[in-house]
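Note that this is a predicted model, so its numbers are computed, not measured.
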Amino acid sequence: MKASFFISLLALLAAGFLPVQSKADTFLSNGVLYRSVSEIGNRLGMKLESGDDGRSTRLSSQWTQMDFVNGSRIFRINGIRMYLGYPTLERSGTLYVPELDWQFTISSILIPPRLSSHQKQLRTIVLDAGHGGKDPGAQNLSLGLNEKDLTLEVSKRLERHLKRAGFQVVLTRKNDRYLTLKQRSDIARKVKADLFLSLHFNASTQDSANGIETFAFTLLNQPSTSRSELDASDKIFRRANRYDAFNTLLAYTVQKHLIHSTKQTDRGVKRSRFWVLEDLSCPGALVELGFIRHPETATQLQNDAYLELLATTLTTAIVQYQARLNES
């Protein structure tokens with residue numbers, strides 16, 4: 001067995017999980033532990049159905065629907081696009097997902113992470129307006145749009161709404177100034193933040209690219225969504241991995257509310273080892289609020305009402321995240 005397997009198990013044990021090791025429910029493939037979708041359904045009290053195409057599997061209950069496809073990293077929870085660390089595998093007619101994704105992706109969303117009474121109190125939120133100063137971020141030169149300006153505007157609007165909701169809010173920057181990624185996470189540690197949200201707008205060489213996506217930090221011993229293979233950095237436990245379950249719940253809640261509210265294309269909840277997230281001492285996520293060069297999106301970003309919609313939707317998502325924590 002590979003060392004990565006043992007490290008994965010240690011990560012699960014450190015998080016307080018003791019998965020059942022039935023041979024019928026789990027198996028090891030290339031150092032990755034997998035769990036059957038049918039056993040997950042049994043644990044959650046969900047009905048399992050196989051699709052007519054022979055590749056898809058659905059778990060459903062009164063409140064939840066999950067859709068998986070054999071050989072794909074993409075699955076959906078209540079319609080929201082999600083990404084697994086590795087593709088699903090079929091074995092003897094049964095579909096399997098990576099054990100880490102059961103523990104820290106699926107379970108984190110459907111079963112609120114276990115918390116101490118102190119952790120349930122979401123008091124201080126750090127909002128990180130991406131880029132700034134000498135770093136303009138993504139640009140739409142024809143319309144005079146700079147990512148650094150838009151992130152600052154949304155963060156200030158979001159700050160006002162969160163304060164009205166009773167939260168303490170700290171901005172990593174209040175004006176057009178440059179900050180390193182380390183300085184941003186250092187601010188969160190200094191104020192003992194309970195949550196960190198980094199705001200961005202996306203860039204692409206193709207103006208047709210559109211939609212919203214939210215990132216949580218990559219799980220230990222899994223590749224980020226943009227890659228299919230492990231590299232050396234994926235095997236290093238970072239401070240952010242202490243909050244894997246909460247990072248996932250936060251990212252999903254943010255993505256779900258944004259997609260339902262804005263009706264933008266759902267690009268999914270993804271994972272990346274972003275430097276701004278890796279050294280956080282609290283749960284965190286990074287959200288890409290749209291493509292600045294996409295014609296329709298760019299028009300919306302010139303409208304105060306749309307920027308206000310983004311801010312109010314993010315407020316609702318954070319309040320909902322707090323409510324889910326209190327269910328545990």
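- For R293 (side chain) and Q139 (main-chain N/O), no donor-acceptor pair under 3.5 Å exists by modelled atom type.
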For side chain to side chain donor-acceptor pair (under 3.5 Å), just list the numbers for S142 and N140, CA-CA rounded to whole Å, side-chain angles, deciding distance to a tenth of an Å, and then say yes or no. CA-CA 6 Å; S142 63; N140 186 325; 2.8 Å; yes

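- Of the charged side-chain nitrogens involved, none lies within less than 4.0 Å of a carboxylate oxygen, so that D186 and K190 do not count as a salt-bridged pair.
- The structure places OG of S272 at 8.0 Å from CZ of R227, a figure rounded to the nearest 0.5 Å.
- A distance below 6.0 Å separates the ring centres of F215 and F274.
- E213 has a carboxylate O that lies under 4.0 Å from a charged side-chain N of K270, or vice versa, which qualifies the two as a salt bridge.
- With hydrogens and angles disregarded, no donor-acceptor distance shorter than 3.5 Å links the side chain of T124 to the backbone of Q168.
- Taking 4.0 Å as the cut-off between side-chain N and carboxylate O, R58 and D67 count as a salt-bridged pair.
- Note that CD of Q255 is 11.0 Å distant from OG1 of T253, once rounded to the nearest 0.5 Å.
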For Q222 and D234: C-alpha separation, side-chain torsions, deciding distance, then whether side chain to side chain contact (heavy atoms under 4.5 Å, CB included) applies. CA-CA 6 Å; Q222 284 194 348; D234 299 323; over 6 Å; no

Which is it for K156 and L127 under the side chain to side chain contact (heavy atoms under 4.5 Å, CB included) test, yes or no, and what are the steps along the way? CA-CA 9 Å; K156 288 181 176 179; L127 301 177; over 6 Å; no

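- Cluster membership check: I212 does not share its hydrophobic cluster with F291, using side-chain heavy-atom separations under 4.5 Å among Ile, Leu, Val, Met, Phe, Trp and Tyr.
- Salt-bridge annotation for R157 and E308: present, with a side-chain N of the basic residue lying under 4.0 Å from a carboxylate O of the acidic one.
- Looking at R238, its side chain never comes within 3.5 Å of a backbone N or O of A240 through a donor-acceptor pair.
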Might you work through the side chain to side chain contact (heavy atoms under 4.5 Å, CB included) test for Y96 and E90, ending with a clear yes or no? CA-CA 6 Å; Y96 290 77; E90 187 272 336; over 6 Å; no

Does S50 form a side chain to side chain donor-acceptor pair (under 3.5 Å) with R55? I'd like the steps, not just the answer. CA-CA 8 Å; S50 297; R55 294 187 63 222; over 6 Å; no

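- Rounded to the nearest 0.5 angstrom, L250 CG and F196 CZ are separated by 11.0 Å.
- Across all their heavy atoms, C282 and A193 have their closest contact at CB-O, 3.1 Å.
- Side chain to side chain, N210 and T265 meet the donor-acceptor criterion of an N or O pair below 3.5 Å.
- Atom OG of S185 and atom CG of L179 lie 10.5 Å apart (nearest 0.5 Å).
- The closest side-chain heavy-atom distance from D128 to L199 is not below 4.5 Å.
- Note on L162 and V287: same hydrophobic cluster, where clusters join Ile, Leu, Val, Met, Phe, Trp and Tyr whose side-chain heavy atoms are under 4.5 Å apart, directly or indirectly.
- Atom CG of L325 and atom CG of D194 lie 10.0 Å apart (nearest 0.5 Å).
- With D279 as reference, R189 is the one residue of R184, K182, R189 to meet the salt bridge (Lys or Arg N to Asp or Glu O under 4.0 Å) rule.
- Ring-plane geometry between H200 and H131 is classed as perpendicular, the angle between the planes exceeding 60 degrees on a 0 to 90 degree scale with a lower cut at 30.
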CA sep, side-chain torsions, deciding dist, call: T248, R271, side chain to side chain donor-acceptor pair (under 3.5 Å): CA-CA 9 Å; T248 303; R271 292 195 182 274; 2.6 Å; yes

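- K263 contributes a side-chain N or O that, together with a main-chain N or O of H260, makes up a donor-acceptor pair within less than 3.5 Å.
- Not one N or O on the side chain of T64 forms a donor-acceptor pair closer than 3.5 Å with the backbone of S60.
- By the 4.5 Å heavy-atom criterion applied to side chains, F68 and N70 are not counted as neighbours.
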E327 vs I111, test: side chain to side chain contact (heavy atoms under 4.5 Å, CB included). Steps then yes/no. CA-CA 9 Å; E327 292 175 12; I111 305 171; over 6 Å; no

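- Formation of a donor-acceptor pair under 3.5 Å by the T88 side chain with backbone atoms of V69 is found in this model.
- Here the CD-OG distance, from E278 to S233, works out to 9.0 Å after rounding to the nearest 0.5 Å.
- At a threshold of 4.5 Å between side-chain heavy atoms, the hydrophobic network of Ile, Leu, Val, Met, Phe, Trp and Tyr places V154 and I125 in one connected group.
- In this structure, T94 contributes its side chain and S36 its backbone to no donor-acceptor pair below 3.5 Å.
- Taken together through direct or relayed side-chain contacts under 4.5 Å among Ile, Leu, Val, Met, Phe, Trp and Tyr, F246 and I106 form part of one hydrophobic cluster.
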Could you please spell out the steps behind the salt bridge (Lys or Arg N to Asp or Glu O under 4.0 Å) verdict for D135 and K148? CA-CA 7 Å; D135 176 14; K148 67 175 183 177; over 6 Å; no

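- Look at R35 and D101 and you find no salt bridge, because none of the NZ, NE, NH1 or NH2 atoms lies under 4.0 Å from a carboxylate O.
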Go through it in stages, so that I can follow the logic: the residues are S224 and T218, the test is side chain to side chain donor-acceptor pair (under 3.5 Å), and I'd like the CA-CA distance, side-chain angles, deciding distance and then a yes or no. CA-CA 6 Å; S224 295; T218 307; 2.7 Å; yes

